[in-house]
Amino acid sequence: MIQHMTRASSVTKTTYNLAHDVDKIYSTSFVASRNGPPALPWTGPSDDEPILGAQDEDEEDGLSLAARDFDAYWVKRIARDKSRPIAYSPGNGSHYVKFGRSFLKLRRKGDLSGLGLGNIRLTCLGRDGGVLKRLLTEAQIAYLERDGKQTSIFRNQQSEWVQSTSRPPRDLATIVLADVQKKVIIEDIKEYLHPLTKKWYRDHAIPYRRGYLLSGPPGTGKTSLCFALAGFFQLPLYIASLSSIPDESGLSELFAVLPERSMILLEDVDAAGITDIRAPVGDAASEAARKSAEHRHKEKESRISLSALLNAIDGILSGEGRILLMTTNHVEQLDPALSRPGRIDMTVHFENITTKSAMEYFQTFYSTTATFNTTSESIKKYQARKLSSFDYPETEEEVAQLARIFAKKIPNGEFSPAELQGYLLLHKYRPDKAILGAEQWIKEVRLDRKLKMGPMAATEKSEELVEPVETIEVTPPYEEDVRQRRSTRARSKSVKSRSRRKAV
Ligand SMILES: Nc1ncnc2c1ncn2[C@@H]1O[C@H](COP(=O)(O)OP(=O)(O)OP(=O)(O)O)[C@@H](O)[C@H]1O
């Protein structure tokens, strides 16, 4: 909001950090905080007073030092953490700032305990408010330079959105999901975001909103897909869990202030213990949803009713232009009213890992481009040391060959991608060990599940569990395969050197 006044122009803003833009702040009242974003300390009370702590070292430098000498790196890292930069920001009240040649008055009001800036009112003397507009434009540009490519993530704190972090986008290629499913959802969102679609909705008097339901067992990539989609479309992601919202008016407030072109993720909607059930009495699916909701309501006493949730999603106060994503582990337990078209326009089903997807996952995990993506000599040496006892695949084709051997050992649909990721993380640099240890890992996970199910189930299931793992046999044996790869490599090297000699 920009106000022109007879003698002064002023602007009230709450969104941008002004630290980059103002040249100097003349004030004696500052708030020192270690909570603020360390990269953006405000100018301190005096130019001579150093800002304590330094910026984070360049990531590549840190990695190089760690690769050479982990102990030295760790001492430095801890010292740096202990002297985290202290950010000074103007306290509540009036301050004077110099921006270019102009003096501006800055008045701050609000809660200084959190990360937010509270309410800042800027006033400049004179009739020309242009200096304020310039300041805000520069602040916006500085913000975009710093955070433009990152995915901004907001979480609800009670009934307010608070930016929790910005992080580099997750590549969609790292999500194991059938290519066709990925393509369908991306095309659908593209179509929705198209300006002609918006016009079409308006012309047909249909509320311009789109909803997706992501369903599947735990750890199959529902939340990860939301992060990746937000990164792909460069949209801010707003995440809320129904159980953390204090009451129904809080819920509608959260939906009402969502900006156009944003994504909102409601996690585990089946687990929220919604308090009224609208499924019609009669058919079996609705009955199941009703019973399960009643049961969960008894257990959780959620403060949010189903009608309030439906109202927030598509009521009159709910903003337009946003994309709603809901995740659930039990699609069958959702009230049909929640998932009807108009609220949920597309459902994406996630599954446990299949033999085929295990192969793809292994390939992404050990991709040579991801592992050797560095120009630093010390990091290369470190990797060479780590891999010295093993002939790490040099090409993507070699990784694919190993992936095929690995995938044969993974039974269809028994393990989640999260479980598989946990296992492969134990062998980050050793795809050979991941292959050799797979049967043992499968046995251990099965045993672990049996123990978690309790002694009764354990006895019932014991038959199943002692059965040998069906997919164990690997032909050719792993060692033989490595030998084959080595001899192919040696052959291709000798062909290359022969043709080089010929060329000479
Ligand atoms: N399909 C997948 N592709 C790639 N990584 C995955 C996949 N599924 C799970 N993961 C990995 O497993 C972890 C958990 O995944 P995520 O939180 O997305 O699962 P979820 O389906 O949302 O689980 P929950 O239902 O328990 O919330 C993440 O670290 C993620 O990298």
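Residues: numbered from 1 along the sequence shown.
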Indicate yes or no for a side-chain donor-acceptor contact from Lys409 to the backbone of Glu439 under 3.5 Å, with no hydrogens or angles considered.
-> no
Are Arg210 and Asp188 within salt-bridge range, i.e. N to O under 4.0 Å?
-> yes
Less than 4.5 Å apart, any side-chain heavy atom of Tyr423 and any of Val445?
-> no
Side chains of Val176 and Leu420: closer than 4.5 Å at any heavy-atom pair?
-> no
For atom CD of Gln181, is the number of surrounding heavy atoms from other residues, nucleotides or ligands below 6.0 Å larger than 12?
-> yes
Could you tell me which non-hydrogen atom of Phe154 sits nearest to which non-hydrogen atom of Pro236, and how far apart they are?
-> CE1-CB, 3.9 Å
Main-chain N/O of Thr355 paired with Asn412 side-chain donor or acceptor, under 3.5 Å = yes
So, are Glu260 and Lys198 salt-bridged, with charged N and O less than 4.0 Å apart?
-> yes
Would the number of heavy atoms belonging to other residues, nucleotides or ligands and lying under 6.0 Å from CZ of Arg261 be above 12?
-> no
Go through the steps to decide whether Leu237 and Leu265 satisfy the test side chain to side chain contact (heavy atoms under 4.5 Å, CB included), and finish with yes or no.
-> CA-CA 7 Å; Leu237 181 63; Leu265 166 61; 4.2 Å; yes
How about Tyr192 and Tyr208: are their ring centres within less than 6.0 Å of each other?
-> yes
Evaluate the side-chain proximity of Leu436 to Arg430: yes if any heavy-atom separation is below 4.5 Å, no if none is.
-> no
Rounded to the nearest 0.5 Å, the CG atom of Leu229 sits from the CZ atom of Phe233 at a distance of 6.5 Å
So how far is it from Lys183 NZ to Leu177 CG, rounded to the nearest 0.5 Å?
-> 14.0 Å
Separation of Gln333 CD from Leu338 CG (nearest 0.5 Å) | 13.0 Å
In terms of heavy-atom contacts, Pro168 and Gln150 come closest through N-OE1, 3.5 Å
Ignoring hydrogens and geometry, is there a side-chain-to-backbone donor-acceptor pair from Thr327 to Asp268 under 3.5 Å?
-> yes
Dump the intermediate steps for salt bridge (Lys or Arg N to Asp or Glu O under 4.0 Å) on Lys443 and Asp448, then the final yes or no.
-> CA-CA 9 Å; Lys443 277 187 197 159; Asp448 193 45; over 6 Å; no
Among side-chain atoms of Ser357 and Thr354, is any donor-acceptor pair under 3.5 angstrom?
-> yes
Taking side chain as C-beta onward, heavy atoms only, is Leu242 less than 4.5 Å from Val269?
-> yes
Closest approach of Val399 to Tyr366 (non-hydrogen atoms, all atoms of both residues) = CG2-O, 3.7 Å
Please answer whether the main-chain N or O of Ser152 pairs with a side-chain N or O of Arg167 as donor and acceptor at a distance below 3.5 Å.
-> no
Distance from Leu266 atom CG to Ser241 atom OG, nearest 0.5 Å?
-> 8.5 Å
Can you tell if the side chain of Asp345 reaches within under 4.5 Å of the side chain of Leu213, non-hydrogen atoms only?
-> no
Go through the steps to decide whether Ser164 and Ile153 satisfy the test side chain to side chain contact (heavy atoms under 4.5 Å, CB included), and finish with yes or no.
-> CA-CA 6 Å; Ser164 71; Ile153 295 165; 3.8 Å; yes
With the threshold set at 4.0 Å, does a side-chain nitrogen-carboxylate oxygen contact exist between Asp203 and Lys199?
-> yes
Do you see a donor-acceptor pair shorter than 3.5 Å between the side chains of Gln401 and Glu397?
-> no
Closest heavy-atom pair, Gly219 versus Pro417, reported as atoms and distance to 0.1 Å, is O-CD, 3.2 Å
Would Glu267 and Ile239 count as a side chain to side chain contact (heavy atoms under 4.5 Å, CB included) if you check the C-alpha gap in whole Å, the side-chain angles of each, and the deciding distance to 0.1 Å?
-> CA-CA 7 Å; Glu267 290 188 296; Ile239 305 177; 3.7 Å; yes
Thr174 side-chain N/O to Arg170 backbone N/O, donor-acceptor pair under 3.5 Å = no
Evaluate the criterion side-chain hydrogen bond (donor to acceptor under 3.5 Å, both in side chains) for residue pair Asn352 and Thr220; output intermediate values, then yes/no.
-> CA-CA 6 Å; Asn352 277 340; Thr220 45; 5.9 Å; no
Verify side chain to side chain contact (heavy atoms under 4.5 Å, CB included) between Val184 and Val348, making sure each step is shown before the conclusion.
-> CA-CA 10 Å; Val184 165; Val348 183; over 6 Å; no
Measure the shortest side-chain to side-chain distance between Ile245 and Asn156 over non-hydrogen atoms and say whether it is less than 4.5 angstrom.
-> yes
CG of Asp247 to CG of Leu251: how many Å apart, nearest 0.5 Å?
-> 9.0 Å
To the nearest 0.5 angstrom, please state how far the CD1 atom of Ile353 sits from the CD atom of Glu419.
-> 10.0 Å
Stepwise, does the side-chain hydrogen bond (donor to acceptor under 3.5 Å, both in side chains) test hold for Glu320 with Tyr201?
-> CA-CA 11 Å; Glu320 300 207 352; Tyr201 272 75; over 6 Å; no
Just by distance, do the side chain of Glu248 and the backbone of Ser305 share a donor-acceptor pair under 3.5 Å?
-> yes
Would you mind telling me which of Met326, Lys222, His349, Met346 makes a side chain to side chain contact (heavy atoms under 4.5 Å, CB included) with Leu214?
-> Lys222
Lys NZ or Arg CZ of Arg322 over Tyr238 ring: under 6.0 Å, within 45° | no
Smallest heavy-atom separation, Leu424 atom then Ala434 atom, equals CD2-CB, 3.8 Å
Is the shortest heavy-atom distance from the side chain of Arg446 to the side chain of Glu414 under 4.5 Å?
-> yes
Taking all non-hydrogen atoms of both residues, which atom of Phe415 and which atom of Ile442 are closest, and how far apart?
-> CZ-CG2, 3.8 Å
For Thr328, does its backbone N or O pair with a side-chain atom of Ser215 as donor and acceptor, under 3.5 Å?
-> no
Is there a donor-acceptor pair under 3.5 Å between the side chain of Trp161 and the backbone N or O of Leu254?
-> yes
Can you find a heavy atom in the side chain of Arg209 that is under 4.5 Å from one in the side chain of Asp314?
-> yes
Give a yes or no answer on whether the side chain of His204 reaches the backbone of Ile206 with a donor-acceptor pair at less than 3.5 Å.
-> no
